[in-house]
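Heads up: the structure comes next, in structure tokens.
All values below come from the heavy atoms of this structure, side chains included, with hydrogens, waters and symmetry mates left out. Just so you know, residue 1 is the first one in the sequence shown, and it goes up from there. Predicted model, so just to flag it, every value in this text is computed and none were measured.
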Amino acid sequence: QVQLVESGGGLVQPGGSLRLSCAVSGSIVSIWAMGWYRQAPGQQRELVATIISGGSINYADSVKGRFTISRDNAKNTVYLQMNSLKPEDTAVYYCNVRTSVLIMPYWGKGTLITVSS
């Protein structure tokens, strides 16, 4: 069974930084894409950032220039460095993994990021 374990969430003041990690384990051979989504209270889940095996990276406009996604293929781990955090970044952040563009993704259970003074 595939497991996605997220870590790094918590409370941070506006302007601060956090780093999220998502480690993938279980019966998985290869990973095509890894990424992060988030969902704030009363809002729909939205894409934050994704990184594909070939190196292509996409960011939401709201986080571009502040967040950086990276991956360690040897460890099957994806990271999200979040700088200059804003209160509107407050949300539950979910790790997302795809083994193929045609296969349903795997999801982590989510980690709460709260940006507040």
Side-chain angles (χ1 to χ4, degrees):
Q1 186 176 8
V2 176
Q3 297 285 336
L4 279 64
V5 180
E6 299 138 327
S7 62
L11 175 65
V12 65
Q13 293 184 345
S17 298
L18 287 174
R19 191 190 192 203
L20 300 181
S21 299
C22 176
V24 182
S25 63
S27 58
I28 188 168
V29 177
S30 64
I31 297 174
W32 172 63
M34 308 180 75
W36 294 92
Y37 290 70
R38 68 185 182 186
Q39 186 169 19
Q43 300 183 17
Q44 296 182 337
R45 187 174 299 185
E46 64 177 352
L47 180 145
V48 177
T50 60
I51 182 167
I52 301 174
S53 61
S56 180
I57 296 174
N58 293 315
Y59 293 102
D61 289 341
S62 60
V63 307
K64 189 175 182 180
R66 300 187 297 119
F67 291 10
T68 302
I69 190 171
S70 61
R71 63 187 290 178
D72 186 333
N73 292 330
K75 297 181 179 180
N76 282 341
T77 301
V78 62
Y79 306 93
L80 185 68
Q81 179 66 47
M82 303 182 292
N83 299 325
S84 302
L85 283 162
K86 304 175 180 179
E88 51 263 43
D89 294 319
T90 296
V92 177
Y93 285 69
Y94 297 91
C95 183
N96 174 277
V97 171
R98 285 184 180 269
T99 58
S100 168
V101 68
L102 300 177
I103 303 299
M104 291 290 292
Y106 298 98
W107 291 95
K109 293 184 178 181
T111 183
L112 177 63
I113 305 298
T114 302
V115 184
S116 176
S117 60

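- For residues 55-98, the set of pairs meeting the ring-ring contact (aromatic ring centres under 6.0 Å, His included) definition, not counting sequence neighbours, is empty.
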Side-chain donor-acceptor contacts of residues 104-117 below 3.5 Å, not counting sequence neighbours, with atom names and distances?
none

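- Residues satisfying the side-chain contact (heavy atoms from CB on, under 4.5 Å) criterion with Val24, sequence neighbours excluded, are Val2, Leu4, Ile28, Ile31, Met34, Asn76, Val97.
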Cut-off 3.5 Å, no hydrogens considered: what does the side-chain donor-acceptor table look like for residues 42-54, sequence neighbours left out?
{"from": "Glu46", "atom 1": "OE2", "to": "Arg38", "atom 2": "NE", "distance (Å)": "2.9"}
{"from": "Glu46", "atom 1": "OE2", "to": "Arg38", "atom 2": "NH2", "distance (Å)": "3.4"}

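- Note on Val5: it does not cluster hydrophobically with Tyr37, by side-chain heavy-atom contacts below 4.5 Å among ILVMFWY residues.
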After noting the C-alpha distance and the side-chain angles of Ile69 and Trp36, does the key distance pass the side-chain contact (heavy atoms from CB on, under 4.5 Å) rule? CA-CA 9 Å; Ile69 190 171; Trp36 294 92; 4.0 Å; yes
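- Partners of Ile103 according to the side-chain contact (heavy atoms from CB on, under 4.5 Å) rule, which considers only residues two or more places apart in sequence or in another chain, are Thr99, Ser100.
- Sequence neighbours left out, not one pair with a member in residues 47-76 passes disulfide (SG to SG under 2.5 Å).
- Counting only residues at least two apart or in different chains, disulfide (SG to SG under 2.5 Å) contacts with residues 7-117 comprise Cys22-Cys95.
- Considering only residues two or more places apart in sequence or on other chains, Asn73 meets the side-chain contact (heavy atoms from CB on, under 4.5 Å) condition with Arg71.
- Counting only residues at least two apart or on different chains, no ring-ring contact (aromatic ring centres under 6.0 Å, His included) pair has a member in residues 4-31.
- To the nearest 0.5 angstrom, Leu80 atom CG is 8.5 Å from Ser70 atom OG.
- Listed by first then second residue, pairs satisfying side-chain hydrogen bond (donor to acceptor under 3.5 Å, both in side chains) with a partner in residues 14-35 read Ser17-Asn83, not counting sequence neighbours.
- Applying the side-chain contact (heavy atoms from CB on, under 4.5 Å) criterion to Ser84, with sequence neighbours excluded, gives Arg66.
- Among residues two or more places apart in sequence or in another chain, the side-chain hydrogen bond (donor to acceptor under 3.5 Å, both in side chains) test is passed with Thr68 by none.
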